[in-house]
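I have placed the structure first, in the form of C-alpha cells, so that the comments after it can refer back to it.
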Amino acid sequence: APLHVLRDIGDLNGSRQAFLQAVKLQPDNAVVFNSLACVCKDLGILLEAIEYYRASLHLRPQSPNVYCNLAHSLQMICDWRDYDSRMEQLVELVVQQLEQGIFPSVHPHHTFLYP
C-alpha cells in the first residue's frame with residue numbers, strides 16, 4: 001500500500017514513477033500493472049493506461065475490475081473495435097456479480113456510457 005500514498009495525496013506523477021519502478025521489480029504482478037494503469041488514466045495518458053491494463057489482464061485474465069477499467073479507457077479514446085463483444089462481456093460480468101451479491105465492477109457513472 002505505500003505505493004498508493006503518492007496517488008492518495010495527489011502526486012500522480014510521483015505515483016506513476018513509483019509504479020513504473022514497481023513493475024520493473026515485479027513484472028509478474030498484475031495488481032501493480034493495474035495500479036500503474038489507473039494512475040496513467042488519471043493523468044490522461046490513456047494509451048499507456050490501456051497498455052498496462054492489458055498487461056495486468058495477461059497476467060490475471062479473470063480480473064473484472066481491470067477488464068471494466070480497460071473497456072472504459074477504450075471508449076475514452078473512441079476505440080470501437082470489438083465494442084459489441086466488450087459490452088456483452090461487461091453485461092455478463094455485472095449479471096454474474098449481482099447474482100453472487102457482489103458489488104459490480106462497472107463504476108455506476110460509467111453505466112451511462114454503456115448500452
Side-chain angles (χ1 to χ4, degrees):
L3 287 175
H4 291 280
V5 171
L6 292 171
R7 183 178 182 198
D8 292 345
I9 63 170
D11 182 1
L12 295 178
N13 287 310
S15 180
R16 180 174 170 263
Q17 291 307 312
F19 281 116
L20 283 169
Q21 287 292 18
V23 297
K24 286 179 185 176
L25 297 171
Q26 300 177 42
D28 296 328
N29 189 324
V31 174
V32 174
F33 273 104
N34 180 56
S35 296
L36 175 56
C38 290
V39 170
C40 289
K41 185 177 175 186
D42 289 347
L43 283 166
I45 311 170
L46 296 174
L47 294 177
E48 194 172 321
I50 289 166
E51 174 186 339
Y52 296 131
Y53 285 133
R54 285 184 170 145
S56 181
L57 284 171
H58 177 74
L59 294 168
R60 191 185 296 167
Q62 299 302 319
S63 300
N65 290 332
V66 179
Y67 185 80
C68 291
N69 287 335
L70 172 62
H72 182 246
S73 296
L74 289 168
Q75 280 192 256
M76 291 175 68
I77 64 164
C78 299
D79 184 336
W80 307 119
R81 293 172 290 181
D82 301 319
Y83 174 82
D84 290 336
S85 64
R86 258 196 324 269
M87 292 305 109
E88 286 176 20
Q89 191 165 352
L90 283 176
V91 169
E92 287 176 21
L93 270 172
V94 170
V95 168
Q96 287 174 353
Q97 290 174 326
L98 290 174
E99 287 174 350
Q100 296 171 2
I102 299 170
F103 190 79
S105 296
V106 172
H107 296 281
H109 59 280
H110 291 176
T111 59
F112 293 113
L113 303 172
Y114 303 140

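Since the structure is predicted, the reported quantities are computational estimates derived from the model, not experimental observations. Just so it is clear, the values below take in all heavy atoms, side chains as well, and ignore hydrogens, waters and symmetry mates.
For Tyr52 and His58, the ring centers sit 6.0 Å or farther from each other.
Rounding to the nearest 0.5 Å gives a distance of 5.0 Å between CG of Asp11 and CG of Leu6. We find the CG-CG distance between Asp79 and Leu47 to be 9.0 Å, quoted to the nearest 0.5 Å. Here the OG-CD distance, from Ser73 to Glu48, works out to 12.0 Å after rounding to the nearest 0.5 Å. Here the OG atom belonging to Ser105 is positioned 10.5 Å from the CD atom belonging to Gln96, to the nearest 0.5 angstrom. The line from SG of Cys40 to OH of Tyr53 is 8.5 Å long, rounded to the nearest 0.5 Å. One finds the CD1 atom of Ile45 at 4.5 Å from the CG atom of Leu43 (value rounded to the nearest 0.5 Å).
The minimum heavy-atom distance linking Leu59 with Asp28 is given by the pair CD1-C, 3.7 Å. Residues Leu93 and Pro64 share a closest heavy-atom pair of CD2-CB, 3.7 Å. Val32 and Asn29 make their closest contact through N-OD1, 3.1 Å (heavy atoms, listed as atom of the first residue, atom of the second, distance). Of all non-hydrogen atoms in Leu46 and Lys41, the two that sit nearest each other are CD2-CG, 3.9 Å. Looking at every heavy atom in both residues, Phe33 comes nearest to Pro27 through CE1-O, 3.3 Å. In plain terms, the two heavy atoms of Arg81 and Arg86 that are nearest each other are O-NH1, 2.7 Å.
Residues satisfying the side-chain hydrogen bond (donor to acceptor under 3.5 Å, both in side chains) criterion with Gln21, sequence neighbours excluded, are absent altogether. Scanning for side-chain contact (heavy atoms from CB on, under 4.5 Å) contacts around Asp84 gives an empty result, with sequence neighbours left out.
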Go through the steps to decide whether Cys38 and Phe19 satisfy the test side chain to side chain contact (heavy atoms under 4.5 Å, CB included), and finish with yes or no.
CA-CA 10 Å; Cys38 290; Phe19 281 116; over 6 Å; no
I would like to know whether Leu90 and Cys68 meet side chain to side chain contact (heavy atoms under 4.5 Å, CB included); could you show each step before the answer?
CA-CA 7 Å; Leu90 283 176; Cys68 291; 3.4 Å; yes
Can Tyr67 and Gln89 be said to form a side chain to side chain contact (heavy atoms under 4.5 Å, CB included), step by step?
CA-CA 9 Å; Tyr67 185 80; Gln89 191 165 352; 3.2 Å; yes
Candidate pair Arg54 and Leu70, rule side chain to side chain contact (heavy atoms under 4.5 Å, CB included), full reasoning
CA-CA 7 Å; Arg54 285 184 170 145; Leu70 172 62; 4.1 Å; yes
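A salt bridge between Asp42 and Arg7 is present, with a side-chain N of the basic residue lying under 4.0 Å from a carboxylate O of the acidic one.
Cluster annotation: Ile102 is not connected to Leu98 through the hydrophobic network of ILVMFWY side chains, with a link wherever side-chain heavy atoms come within less than 4.5 Å.
Judged by distance alone, with hydrogens and angles left aside, the side-chain atoms of Asp82 form no donor-acceptor pair with the main-chain N or O of Ser85 at under 3.5 Å. Judged by distance alone, with hydrogens and angles left aside, the side-chain atoms of Asn69 form a donor-acceptor pair with the main-chain N or O of Asn65 at under 3.5 Å. Side chain of Ser35 to backbone of Val31: a donor-acceptor contact under 3.5 angstrom is found.
Within the 4.5 Å cutoff, the side chain of Met87 has heavy atoms near those of the Gln75 side chain.
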